[in-house]
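Single-structure report; data block below.
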Protein chains: 2
Amino acid sequence: MVTLADVARRANVSKMTVSRVINHPEQVTDELKKLVFAAMHELDYRPNVAAKALAKNRTQIVKFFILEEISTVEPYYMNLLLGISLALSRHQYSLQLVANNSFDLGVCDGYIITGMRKSDYEWISRIEKPVILFGENLYGYDFVDTNNKKGGMLSTRYALSLGYDKVVFVGIDLKEAFEYSRERGYIQVMQESLKEPEIVRVENHSHKSQEMLQKNWEKYPKNTAFVCASDRIAVGIERAIQEKGANIPDDYGIIGYDGIFLDQVVSPRLTTIRQDVAKLGEICGEMLLNKIEQKGKKQGFKLLDPMLVKRETTRRKGGSEKS
Amino acid sequence: MVTLADVARRANVSKMTVSRVINHPEQVTDELKKLVFAAMHELDYRPNVAAKALAKNRTQIVKFFILEEISTVEPYYMNLLLGISLALSRHQYSLQLVANNSFDLGVCDGYIITGMRKSDYEWISRIEKPVILFGENLYGYDFVDTNNKKGGMLSTRYALSLGYDKVVFVGIDLKEAFEYSRERGYIQVMQESLKEPEIVRVENHSHKSQEMLQKNWEKYPKNTAFVCASDRIAVGIERAIQEKGANIPDDYGIIGYDGIFLDQVVSPRLTTIRQDVAKLGEICGEMLLNKIEQKGKKQGFKLLDPMLVKRETTRRKGGSEKS
DNA sequence: TTGTAGGCGTTATCAG
DNA sequence: CTGATAACGCCTACAA
């Protein structure tokens, strides 16, 4: 195993100079830096994480809390984790996952928390180490999310542009910020278009949205588009329409939200709002590492713009659009 | 921070005695052990992972390699990861995820690898640190999986018991061990029942199995059951049958394989073979930790029995069965 | 069975 | 700007 000392010997400097080249390069002359880098490269030096952690009184571990029922967790979480892990690895951090509401905080340098609901506010506020939330919130916690309002605007605007007469928002029956933001985007675009918003909310299960539409079928005449707050909901809407024998996308349009996995596995494939979840994960990781580095300093929030993915549950305007 | 030294002082023993109580309790008298445990408890002592790692020349890190295209990865991987992480955490290990075929092995104590194909054999065999595969293989690597043959037998036997006349196996178009095992289970039960096996293979996408069935619809008369090698495939089969306006489960039965997420999100809900993926993950983690502890000693393999989950894509025999 | 001394690889601190 | 020294908390090896 190559250590700092080996590199130091090779470069004819002290261990401290090597250490500084790594951690405080601005304190070292360019000349020495060059020498040291060369030596590190020749010897293929890999810093020893444990030693660093010990010396700095760190763990180099981040915990990822999933507060939702794991069975209802969206499949895109896998991508989120990949992104997080990527960012952490770059800084020699690694990951522990915590689910099932085991409130044991354990030993680590910081937390990424997802699926926070109002009721979690209290105990999260007690955590002393740095925390970043995945998912927007109104409690002042630092967070990362897609721009949910923009997502709602994107899909609504697109539905209107395709000439659907009635555009209904099918939301998730949760009083949470991300949901309100998507609805706000919908409402804003509707009002700008001088249309009356119409929102219905269901649990985030395909069978619930399916049931909702079956029961209220007569409320939705032909030429209606359903702008949904999740792909799960969109899938249920799609099934209900198919059951009625109506035509998708000519009579009815559907736009989902999430764009990972589920959208691909139905037929016709969902037009949806895609979030770059892996990227979001990366940003989460970086933000947390910064916060750790800065002794818990507030980081604010970061919103990533979502994209519209045009597929088979909405009409074509004509022209060639990507599938 | 409470250290070994603090505990030692409190218990009026040396640091080494405390260390021994933790790592080699058999070398310490019961009397002292009691004292030490009491002291640890009173002080809420938590061992410092970094220090331990440094002293033992370990990293306390395990890498998880995903060799499949991440976009085709099954949603159940999230549960697998939770299981792995749980096992690792118990032994103060943490996790790094690696995807996108970045062949950088990095620094860690061992690897869990999933999605290995024949072409990966070569480079995996070069890895010096302990490796456990998730997914059965014929190359002598230690692995953890469900009993795929048993899974194939379970679903085939159930289909036959429900009186479906023809029972067809819709497999995944991959020359891999897990697929062969599922097929073997199917074939064995068919032969025991003096029925002719009939196997068709498609890519593991719902649209592919759907297409297959659309094209070959006339081959499958009423009273056929499709035993599928994945829920994805089963979902496509279900859609194709519905398109034809045939009745599920009376005219046609469907049984999937995996039992996480996808089975719940279609309608009617899939009868399927469920794997306890989180448990599998836990076992993976434990097996790897053992292997690390035993300096790379061969661990063999561990198969977990899958379960049949009876839902709505197969007939009822009568009686009350869980949904 | 228990204790002592030394070292694991890194970084902070202080001196030059 | 660079170097020597002393931690960081634990474990191995050896001594008692």
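Letters A, B, ... mirror the listed sequences (proteins, then strands); counts begin at 1.
Applying the 4.0 Å criterion to OP1 and OP2 of D:dG3, one finds that A:Thr17 has a side-chain N or O inside that range. The shortest distance between the side-chain N/O atoms of B:Thr29 and the OP1/OP2 oxygens of C:dT2 is below 4.0 Å.
Heavy atoms of other residues, nucleotides or ligands lying less than 6.0 angstrom from NZ of B:Lys34 number 12 at most.
As rounded to whole Å, 17 Å separates atom C1' of C:dG9 from atom CZ of B:Arg58. Between A:Gln27 atom CD and C:dT13 atom P the separation is 12 Å, expressed in whole Å. Between A:Asn12 atom CG and D:dG3 atom C1' the separation is 14 Å, expressed in whole Å. Protein atom CE of A:Met40 is 14 Å distant from nucleotide atom C1' of C:dT10, rounded to whole Å.
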Checklist entry - Run the salt bridge (charged side-chain N to carboxylate O under 4.0 Å, His left out) check on A:Glu26 and A:Arg20 step by step: do they pass? => result CA-CA 8 Å; A:Glu26 73 284 358; A:Arg20 285 200 186 92; over 6 Å; no

Item to check | Verdict with supporting geometry, A:Ile292 and A:Lys129, side-chain contact (heavy atoms from CB on, under 4.5 Å) | outcome: CA-CA 8 Å; A:Ile292 292 171; A:Lys129 304 219 181 72; over 6 Å; no

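B:Glu26 comes within 4.0 angstrom of no nucleic acid atom, judged by non-hydrogen atoms across all strands.
Ring orientation note: the planes of A:Tyr77 and A:Phe134 are nearly perpendicular, at an angle over 60° on the 30°/60° scale.
Interatomic distance, CG of A:Leu280 versus CE of A:Met287, reported as 10.5 Å (0.5 Å rounding).
Taking both residues in full, the closest heavy atoms of A:Leu54 and B:Asn48 are given as CD1-ND2, 4.3 Å, listed atom of the first, atom of the second, then distance.
Scanning for side chain to side chain contact (heavy atoms under 4.5 Å, CB included) contacts around B:Ala55 gives an empty result, with sequence neighbours left out.
Between the side chains of A:Asn137 and A:Tyr121, no donor-acceptor pair of N or O atoms lies under 3.5 Å.
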Short N/O separations, protein against nucleotides 7-11 of chain D, under 3.5 angstrom:
from	atom 1	to	atom 2	distance (Å)
D:dC8	O2	A:Ala55	N	3.4
D:dC10	OP1	B:Tyr45	OH	2.4
D:dC10	OP1	B:Asn48	N	3.2
D:dC10	OP2	B:Leu4	N	2.5
D:dC10	N4	B:Lys15	NZ	3.4
D:dC11	OP1	B:Asn23	ND2	2.9
D:dC11	OP2	B:Ser19	OG	2.7
D:dC11	OP2	B:Asn23	ND2	3.3

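Overall bending of the helix from C:dT1-D:dA16 to C:dG16-D:dC1, expressed as the angle between end axes built from five pairs apiece, is 30° (10° steps).
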